[in-house]
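Predicted, not measured: the structure shown is a model, and the values here were computed from it. Here is how names work: the chains are called A, B, and so on, in the same order as the sequence lines, proteins then strands, and each is numbered from 1.
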Amino acid sequence: MDKLTPKTIPVPDHPAAAAAFQADAERANWHDQALWFIREKRDVASKQTPDWELLRETASQIKEHVLAHLDELLIQFEEKARENGIQVHWAADGEEHNQIVLGILRQHGIRKLVKSKSMLTEECHLNDFLAAQGVEVVDTDLGERIVQLAQEPPSHIVLPSIHKRKEEVGELFHQHLGTEKGASDPAYLTEAARQHLREKFLSSDLAITGVNFAIAETGGLVVCTNEGNADLGVHLAKVHIACMGLEKIIPKAEDLGVFLRLLARSATGQPITTYSSHFHKPAPGQEMHLVLVDNGRSTHLGKKDFYKALKCIRCGACINTCPVYRRSGGHSYHHTISGPIGAILAPNLDRQKNADLPFASTLCGSCTHVCPVKIDIHNQLYLWRQVLAQDGQVPKAKAVSMQAMATVLANPKVYRLAGRSGRFMLRWLPGVAQNKRLNAWARQRDMPSPPKESFRDWYLKNRKTK
Amino acid sequence: MSSRQAILDRIKENKPAAPAPWVKPPFQVPLPQDRLALFQHSIGAAGSVGVLVPDLVSVGIYLQERFMSPDRVVNTVAGVGFGRDVSTAILEKEALAQVEVAVVAGVLGVAENGAVWVTEEQVPVRVLPFLCEHLVLVVRQQDLVGTMQEAYANIKVDATGYGTFIAGPSRTADIEQSLVIGAHGPKRMHVFIIQSEL
Ligand code: SF4
């Protein structure tokens with residue numbers, strides 16, 4: 001097979017979008033700092049938790065077990081949930097998911113609803129679909145409401161409006177909520193949103209939520225928020241629809257003891273989210289639905305090198321720590337889920353459209369290091385590059401250097417030699433190694449000063465002279 | 001039903017081999033005598049005011065000193081002796097939205113993060129702890145545990161239709177990462193710990 005000849009398939013350009021983000025240097029630096037601040041809070045929280053590594057390993061093992069028994073656990077969950085009075089629906093893809101939601105709305109003659117954070121409904125493009133059907137959808141998470149008013153997708157799975165400055169939020173709220181022109185104080189703007197959304201909560205008959213965990217053993221689901229918006233929405237509505245990807249199942253309630261210790265600490269450095277709500281039965285007089293969505297997950301499960309990405313609990317830690325994400329912004333990933341985890345999930349859905357994303361990484365491994373369920377994220381990024389190279393779906397500039405790379409990595413002797421000449425090149429001909437036209441990332445990065453000897457060179461020399 | 005079967009069939013065909021069985025290791029837990037101090041630290045860090053009191057009546061006295069009129073307080077805990085008892089009139093959506101303070105009993109408190117487990121058995125309607133401006137939770141010292149793992153070992157999540165861990169007043173940091181206390185739920189929170197012999 002002619003593996004290494006790149007075909008010219010046009011791919012969207014993450015580096016170009018990142019360059020556009022970098023054009024506003026002040027904003028790019030601020031974005032970088034804001035995310036690093038959260039990463040540091042995560043570090044402190046993890047260090048303060050005894051057995052942190054043991055928790056990660058346990059969470060990882062539980063998720064491995066889940067994926068190996070996913071069909072049985074889903075059946076068990078469905079049966080228990082039905083016994084609890086929850087109506088369970090199965091959707092093969094986003095389209096079917098949206099139709100199911102619309103069907104429930106129609107059945108009740110409901111034309112407006114409140115929705116708390118759900119990346120799954122973003123993945124299914126539910127808002128656009130319902131808007132086209134004349135249904136008013138109000139996102140109630142503050143960050144999601146901000147991007148909804150701005151008519152943008154979230155740029156981060158946990159912090160949807162992390163790319164927005166407070167002045168921009170002030171202007172949006174001035175236009176839509178009638179706050180004072182020029183006001184940008186976060187406390188003032190949050191209070192305005194609280195009042196605006198309070199009215200929406202009180203007047204909505206239907207609430208949609210996401211799901212953080214679904215418990216097979218008990219047929220219930222857990223939703224975590226800091227704002228209390230999921231609970232306010234659900235408890236004031238007649239109908240609750242929870243939407244979840246298949247992989248959110250966990251075997252037992254006791255497993256939550258592990259996951260809830262990890263989730264918020266990894267996400268924002270808090271020891272737990274303000275609310276961790278467990279829904280098992282609808283309230284008296286209420287109706288509760290659950291939509292289980294596949295949308296490519298059952299196919300993804302069969303990919304030996306990539307299925308472990310389905311262990312993700314969507315904490316966002318890998319995103320906060322990623323040097324490329326922090327300097328390129330979530331929208332440069334042109335996928336619902338941005339950052340390192342998005343870059344390994346996206347190609348499963350559309351390899352050609354997302355062929356640039358596994359290259360939006362330095363492979364530094366920081367993502368893997370912080371992931372609470374120990375997904376081998378940077379390794380998968382690297383493996384995706386190989387798959388894409390075989391497909392010929394490699395951004396052109398990358399393809400040239402990858403051609404050499406593939407040979408080099410296949411042979412340890414050549415690899416060592418290349419390492420030596422690479423170090424030589426960096427020291428003596430930095431202009432060549434840092435050719436910014438060939439290496440898009442070098443445009444924003446200074447290459448590190450190379451060590452004079454690799455560890456292996458040093459070791460061999462010193463062993464001989466001994 | 002057709003999507004259901006197709007999805008399950010595909011999973012069955014594609015799922016990875018089961019990993020070797022994993023025995024959950026023992027985890028470190030705070031010593032029982034350290035739970036109270038750790039819990040107090042955690043609720044403070046989460047933005048609540050923690051108050052250690054000898055008995056339930058002391059909760060009522062404390063509230064009376066700060067909220068002169070019992071009309072603004074909805075009390076669901078027998079023995080507190082201050083505030084309005086829950087009536088059907090209060091349970092209308094609109095009336096509930098006017099409630100300023102709600103006093104609710106917690107089943108169990110978690111020292112490592114300050115979370116308190118509240119189920120629908122403790123509240124007349126599920127929305128009460130979310131709709132009030134100021135939430136007052138009452139938990140017994142003897143019902144404190146160290147970690148979330150200990151918490152789940154002590155509760156049965158499906159004993160009722162709904163239960164939640166509440167760890168502080170509602171909060172958001174969605175505007176430039178500035179922490180604002182009081183997002184959609186309560187803006188203030190007290191946690192009363194009823195002292196007991198260990
Ligand atoms: S891949 Fe890991 S670190 Fe990233 S969002 Fe998922 S669970 Fe969190």
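If you measure heavy-atom distances from A:E96 to chain B, the contacts under 4.5 Å come from the side chain alone. Of the two parts of A:I146, only the side chain, counted from C-beta on, holds a non-hydrogen atom closer than 4.5 Å to a non-hydrogen atom of chain B. Residue A:T225: no heavy atom, backbone or side chain, is found under 4.5 Å from chain B. Both the backbone and the side chain of A:V258 come within contact range of chain B, with heavy atoms under 4.5 Å apart. Both the backbone and the side chain of A:R165 have a heavy atom closer than 4.5 Å to some heavy atom of chain B. For A:A91, the part lying under 4.5 angstrom from a heavy atom of chain B is the backbone only. Contacts between B:T147 and chain A at a heavy-atom distance below 4.5 Å involve the side chain alone, from C-beta outward. Contacts of A:E191 with chain B are made by side-chain atoms alone, with heavy-atom separations under 4.5 Å and no backbone atom involved. Neither the backbone nor the side chain of A:E217 has a heavy atom closer than 4.5 Å to any heavy atom of chain B. Using a 4.5 Å cut-off between heavy atoms, A:L142 touches chain B through backbone and side chain atoms alike. Proximity to chain A is absent for every atom of B:P30, based on heavy atoms less than 4.5 angstrom apart. Heavy-atom distances place the side chain of A:L74, and not its backbone, under 4.5 Å from chain B. In this structure, no portion of B:A151 lies under 4.5 Å from any heavy atom of chain A. For A:I38, the part sitting under 4.5 Å from any heavy atom of chain B is the side chain, from C-beta outward, and nothing else. Contact of A:K166 with chain B is made through backbone and side chain together, with heavy-atom distances under 4.5 Å. Heavy atoms of A:Q33 lying under 4.5 Å from chain B are absent altogether. Contact of A:Y275 with chain B is made through backbone and side chain together, with heavy-atom distances under 4.5 Å.
Relative orientation of the B:H190 and B:F192 rings is parallel, given thresholds of 30° and 60° on the angle between their planes. Ring geometry, B:F165 versus B:Y152: the interplanar angle exceeds 60°, so the pair is classed perpendicular (tilted spans 30 to 60°). Ring-plane geometry between A:F279 and B:Y162 is classed as tilted, the angle between the planes lying from 30 to 60 degrees on a 0 to 90 degree scale.
Each of B:A97, B:A20, B:P19, B:A153 has some count of heavy-atom pairs under 4.5 Å with chain A, and the biggest count is that of B:P19. Taking A:A253, A:G228, A:P50, A:P284 one by one and counting their heavy-atom pairs under 4.5 Å with chain B, the maximum is reached by A:A253. Contact count versus chain B (heavy atoms, under 4.5 Å) is highest, among A:L159, A:L236, A:V234, A:V223, for A:L236. Put simply, of A:L202, A:D51, A:V222, A:T273, the one with the most heavy-atom pairs under 4.5 Å next to chain B is A:D51. Comparing B:M148, B:K156, B:E150 by heavy-atom pairs within less than 4.5 Å of chain A, the highest count is held by B:M148. In terms of heavy-atom pairs under 4.5 Å with chain A, the best-connected choice from B:Q177, B:K24, B:E176, B:R10 is B:E176. Between chain B and the residues A:I215, A:D141, A:N229, A:L54, the largest count of heavy-atom pairs under 4.5 Å involves A:L54. Note on B:K12, B:E120, B:E13: by heavy-atom pairs under 4.5 Å with chain A, the leading option is B:K12. Highest contact tally toward chain B, considering only A:V169, A:V88, A:T218, A:T58, is held by A:T58 [criterion: heavy-atom pairs under 4.5 Å]. Here A:Q270 is the residue among A:M288, A:K304, A:Q270 with the most heavy-atom pairs under 4.5 Å with chain B. Of the listed residues B:G168, B:P169, B:P25, B:A167, the one with more heavy-atom pairs under 4.5 angstrom with chain A than any other is B:A167.
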(message) Using the rule given for side chain to side chain contact (heavy atoms under 4.5 Å, CB included), can you reason through A:H278 versus A:L256, listing the C-alpha separation, both sets of side-chain angles and the distance that settles it, and then say yes or no?
(response) CA-CA 11 Å; A:H278 301 52; A:L256 290 165; 3.8 Å; yes
(request) Start with the C-alpha distance between A:L263 and A:F213, add both sets of side-chain angles, then the distance that settles side chain to side chain contact (heavy atoms under 4.5 Å, CB included), and finish with yes or no. (result) CA-CA 11 Å; A:L263 179 62; A:F213 304 96; 4.1 Å; yes
(message) As a quick check of understanding, evaluate side chain to side chain contact (heavy atoms under 4.5 Å, CB included) for A:I162 and A:S155, giving each step before the final call.
(response) CA-CA 7 Å; A:I162 186 72; A:S155 67; 3.6 Å; yes
(request) Could you give me the CA-CA distance, side-chain angles and deciding distance for A:W90 and B:L8, then say whether side chain to side chain contact (heavy atoms under 4.5 Å, CB included) is met? (result) CA-CA 10 Å; A:W90 298 70; B:L8 288 172; 3.9 Å; yes
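In this structure, a donor-acceptor pair under 3.5 Å is absent between the side chains of A:R261 and A:T49. Remark: the A:N226 side chain and the A:T274 side chain contain an N/O donor-acceptor pair separated by less than 3.5 Å.
The closest side-chain heavy-atom distance from A:L310 to A:R297 is below 4.5 Å. Side-chain contact between A:Q61 and A:H65 is absent, with no heavy-atom pair separated by less than 4.5 Å. Between B:D158 and A:K80, every side-chain heavy-atom pair lies at or beyond the 4.5 Å cut-off. Side-chain atoms of A:I75 and B:R4, non-hydrogen and from C-beta on, do get closer than 4.5 Å to each other. Between B:L63 and B:F67, the closest side-chain pair of non-hydrogen atoms falls below 4.5 Å. Side-chain contact between B:Q149 and A:E254: absent, with no pair of heavy atoms (C-beta onward) separated by less than 4.5 Å. Side-chain atoms of A:K63 and A:L67, non-hydrogen and from C-beta on, never get closer than 4.5 Å to each other.
The existence of a salt bridge linking A:E64 and A:K311 is confirmed by a sub-4.0 Å separation between a basic side-chain nitrogen and an acidic carboxylate oxygen. Between A:E227 and A:R145 there is no salt bridge, since none of the side-chain N atoms of the basic residue sits less than 4.0 Å from a carboxylate O of the acidic one.
Here the closest non-hydrogen pair linking B:D174 and A:P160 is OD1-CD, 4.3 Å.
Contacts from residues 37-59 of chain B to chain A, taken as heavy-atom pairs separated by less than 4.5 Å, involve no residues at all. Applying a 4.5 Å heavy-atom cutoff, the residues of residues 127-137 of chain B that approach chain A are B:V127, B:F130, B:L131, B:E133. Residues of residues 98-116 of chain B lying under 4.5 angstrom from chain A, judged on non-hydrogen atoms, are B:E112, B:N113, B:A115 by number. Scanning residues 178-187 of chain B against chain A with a 4.5 Å non-hydrogen threshold yields B:S178, B:V180, B:G182, B:A183, B:H184, B:G185, B:P186, B:K187, sorted by number.
Judged by distance alone, the side chain of A:R27 and the main-chain N or O of A:H163 form a donor-acceptor pair under 3.5 Å. The closest donor-acceptor contact from the side chain of A:K281 to the backbone of A:G85 lies at 3.5 Å or more, if one exists at all. No donor-acceptor pair under 3.5 Å is formed between the side chain of B:T164 and the backbone N or O of B:I166. Of the possible polar contacts, one joining the A:N84 side chain to the A:G219 backbone as a donor-acceptor pair under 3.5 Å is found.
A 6.0 Å sphere centred on NZ of A:K41 holds more than 12 heavy atoms belonging to other residues, nucleotides or ligands.
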